[in-house]
> 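Could you have a look at this structure, given as structure tokens, before my questions?
Chain identifiers are assigned alphabetically (A, B, ...) following the order of the sequence lines, protein sequences preceding nucleic acid strands; residue numbering begins at 1 within each chain.
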Amino acid sequence: IFFARKIDDDLLEEIEDLLISGDVGVSTTQEIMERVKRQVKRKNYDSTEQLFDLLKTEIAGMFITRLQPTDLHPPKPRVIFVIGVNGTGKTTSIAKLALRYHQQGKQVLLVAADTFRAAAIEQLQIWAERVGAEMIKHHEGADPSAVVYDALEAAKSRQKDIVIIDTAGRLHTKINLMEELKKMQRVIQKVIPEAPHQTLLVLDATTGQNSISQSKQFIDAVGVDGIILTKLDGTAKGGAVIAISYELGLPVDYVGLGEKIDDLEPFDPNLFAEGLFQ
Amino acid sequence: DLTAKLEATLKKLRGQGKLTEDNIADSLKEIRRSLLEADVNYRIAKEFIERIRQKAVGEEVIRSVTPGQQIVKIVHDELVELMGKSQSDLKLSGIPPAIIMLCGLQGSGKTTFAAKLANFLRKKGRHPMLVAADIYRPAAIQQLQILGKNLNVPVYAEENSVPVQICRSSIKAAREKSCDVLILDTAGRLHIDQEMMQELENIKKEITPQEILFVADGMTGQDAVNAASQFLERLDFHGVVLTKMDGDARGGAALSIRQVTNRPIKFVGIGEKPDALETFHPERMASRILG
Ligand SMILES: Nc1nc2c(ncn2[C@@H]2O[C@H](COP(=O)(O)OP(=O)(O)OP(=O)(O)O)[C@@H](O)[C@H]2O)c(=O)[nH]1
Ligand SMILES: Nc1nc2c(ncn2[C@@H]2O[C@H](COP(=O)(O)OP(=O)(O)OP(=O)(O)O)[C@@H](O)[C@H]2O)c(=O)[nH]1
Ligand SMILES: [Mg+2]
Ligand SMILES: [Mg+2]
């Protein structure tokens, strides 16, 4: 839409519609448009190339970037707690993360702490075998906190580098399920006081403004360190993460780009911003 | 809430006789904003606001309600009308087994809904069989088998096979077990994945299901129209299921999907258990979208 046009109200309105259609949301879109309009005026822009670059820069700039821990003495094991609402891609993303760490030569332990959903344990087991990672599980219906407890004790005694905990999908509005999550976190802290070292919230790029409500509730319950944004290989743009990063201070760590085990990329705010305009 | 927000923009209506373009302009902006925040697709929201403008302009200002209430009622009634009558009839007549095919994006809740549908049909005196036609997702077949076992509903599955073949063989299996409804659970897929969409077209062509249901996540945002229209174009599905509506998503996808496909929403998922199923209530949906 930027090709060889002049910057007028029609174009600005089209840009606004494009952002809305990318799930950026009304107030965040307004914020972005106001910043852009001010800059266009101040710098007297007249080419759409300049406008496009400005938009990309503004949007990319709204993302909090995590300061990479120098990890001179990485915690051992490093515990990663993966949470999120139903069907967002937690289990699949854990498999992808496990592969990355495995390829770095790390000893990875997976924890099948979704003891509720049919065949959740079997699903993670298959992924564990594909990665070549060990997995700790109990039976379906077991207390997820008990699984976590056993897994962390095993991780310590077996000298694992990375522990990744898969949890059951849960709607953030279900108080008892959020309490269950808090209990799991307390148990994690009991066994390894500094853990979980990283709590990752998995968000589905096809979800609209509800992603913001989800993020707030999960932050409130157990705290969140970063986001994995999945299913960005579809046509959804995942624009809700702009507000989540900018207003809630959450970095996006990874994006999921498919159903295969290597379909995970570190988040790149510039690529993301470009993607909004494709 | 919307009524309260509109009151502020409608103060100028006090003492006016009619709703005019001018005195409702701000209200329409507020309504549009509310619809977008509810995840209604922006094009659909624009069309909708236009309908409201046409309905509202020229109306007499009703004295017994506040101007905000009056506009909200116009909006609410229009939403209810657009979302269609409550209807969850499934085409299940003809030589048994009747065949229902489920399709949709990854993780939308198809497998869970398959179990809910089996439960629903059995309560109505039918004898359903579940068919595990997802050969890709790790442990997908086991997932359906566990759900079937919990409900005491037979599950048809095949090792080392392909979806069209599995579905074809399930028809014979259903007749052998005197099952009169087959529920085909398919793998989640992207509407832009040509090969996978072709697979669904092949199943439809070979198996000729009487009923095809598009299962969509109730929290879906603006993208709802893209997936829904592609699935409609390729499969001409009969109805829509909206899942995970036990959360706090406003559910604007319901209006978007309805408008862009003109297909009824037949069921709503309201939980993870097999009994967590409702038929669609347009009134409730309208109130929810309006927040
Ligand atoms: N296209 C695409 N599909 C994905 C991606 N990530 C996950 N999926 C698919 O989404 C579906 C759900 O993935 P799961 O990993 O089971 O999701 P989950 O969050 O663990 O689900 P629950 O445990 O039931 O809450 C599966 O069909 C995955 O293959 C992605 O990045 N792109
Ligand atoms: N709260 C809630 N959870 C639901 C509902 N429907 C499905 N789920 C959950 O959503 C997740 C995904 O459900 P599935 O049935 O595996 O989804 P699917 O569409 O078959 O996934 P794929 O086969 O990977 O595409 C599971 O955790 C389900 O328990 C619902 O109505 N409410
Ligand atoms: Mg899972
Ligand atoms: Mg499934």
> Should we say atom CG of D9(A) is surrounded by more than 12 heavy atoms from elsewhere, each under 6.0 Å from it?
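Counting other residues, nucleotides and ligands, CG of D9(A) stays at 12 neighbours or fewer.
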
> Taking the side chain from D223(B) and the backbone from T206(A), do they hold a donor-acceptor pair closer than 3.5 Å?
no

> Which atoms of S213(A) are under 4.5 Å from chain B, going by heavy atoms: the side chain, the backbone, both sets, or neither?
side chain

> Thinking salt bridges, do D246(B) and K174(A) make one under a 4.0 Å N-O criterion?
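Result for this pair is yes, salt bridge flagged.
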
> Could you check which of G218(B), A253(B), A115(B), G107(B) has the highest count of heavy-atom pairs closer than 4.5 Å to chain A?
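Most pairs with chain A among the choices: G107(B).
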
> Report which part of Q217(A) has an atom under 4.5 Å of a heavy atom belonging to chain B: side chain, backbone, both, or neither.
neither

> Between S27(A) and chain B, which part of the residue has a heavy atom less than 4.5 Å away: side chain, backbone, both or neither?
both

> Report, by ascending residue number, the residues of residues 229-241 of chain A in heavy-atom contact with chain B at a distance under 4.5 Å; give 'none' if the set is empty.
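So far as heavy atoms go, K231(A), D233(A), G234(A), T235(A), A236(A) are the residues that approach chain B to under 4.5 Å.
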
> When rounded to the nearest 0.5 angstrom, what is the spacing between CG in L171(A) and NZ in K244(B)?
8.0 Å

> Pairs of donor and acceptor atoms involving the side chains of residues 140-150 of chain B, under 3.5 Å and at least two apart or interchain, shall be tabulated with distances.
{"from": "Q143(B)", "atom 1": "OE1", "to": "R137(B)", "atom 2": "NH2", "distance (Å)": "3.4"}
{"from": "N150(B)", "atom 1": "ND2", "to": "I146(B)", "atom 2": "O", "distance (Å)": "3.4"}

> Evaluate the criterion side-chain contact (heavy atoms from CB on, under 4.5 Å) for residue pair T220(B) and T207(A); output intermediate values, then yes/no.
CA-CA 4 Å; T220(B) 309; T207(A) 302; over 6 Å; no

> In terms of heavy-atom contacts, does CG of N152(B) have more than 12 from other residues, nucleotides or ligands at under 6.0 Å?
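No, because the 6.0 Å sphere around CG of N152(B) holds 12 heavy atoms or fewer from other groups.
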
> Taking NZ in K216(A) as the centre, count heavy atoms belonging to other residues, nucleotides or ligands within less than 6.0 Å. Is the count above 12?
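No.
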
> Side chain from CB out, backbone as N, CA, C, O: work out which of these in D39(B) comes under 4.5 Å of a heavy atom of chain A, or both, or neither.
side chain

> Drop me the distance from D17(A)'s CG to Y42(B)'s OH, to the nearest 0.5 angstrom.
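Nearest 0.5 Å value for the CG-OH distance: 5.0 Å.
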
> Can you tell me which of K46(B), H191(B), R32(B), E272(B) forms the most heavy-atom pairs within a distance under 4.5 Å of chain A?
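Result: the option with the highest number of such pairs is E272(B).
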
> Are any of the side-chain heavy atoms of R33(B) and Q30(A) separated by less than 4.5 Å?
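Yes - at least one pair of side-chain heavy atoms lies under 4.5 Å apart.
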
> Which of residues 90-98 of chain A get closer than 4.5 angstrom to chain B, counting heavy atoms alone?
none

> Quick check on the structure: residues of residues 119-132 of chain A within a heavy-atom distance below 4.5 Å of chain B, by number.
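If one takes a 4.5 Å heavy-atom cut-off, the residues of residues 119-132 of chain A near chain B are A119(A), E122(A), Q123(A), I126(A), W127(A), R130(A).
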
> Taking R250(B), Q106(B), R43(B), E37(B) one by one, which has the highest count of heavy-atom pairs under 4.5 Å against chain A?
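Counting heavy-atom pairs under 4.5 Å, the top option is Q106(B).
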
> Can you check whether M219(B) reaches D204(A) side chain to side chain, under 4.5 Å on heavy atoms?
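SC-SC contact between M219(B) and D204(A) ruled out.
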
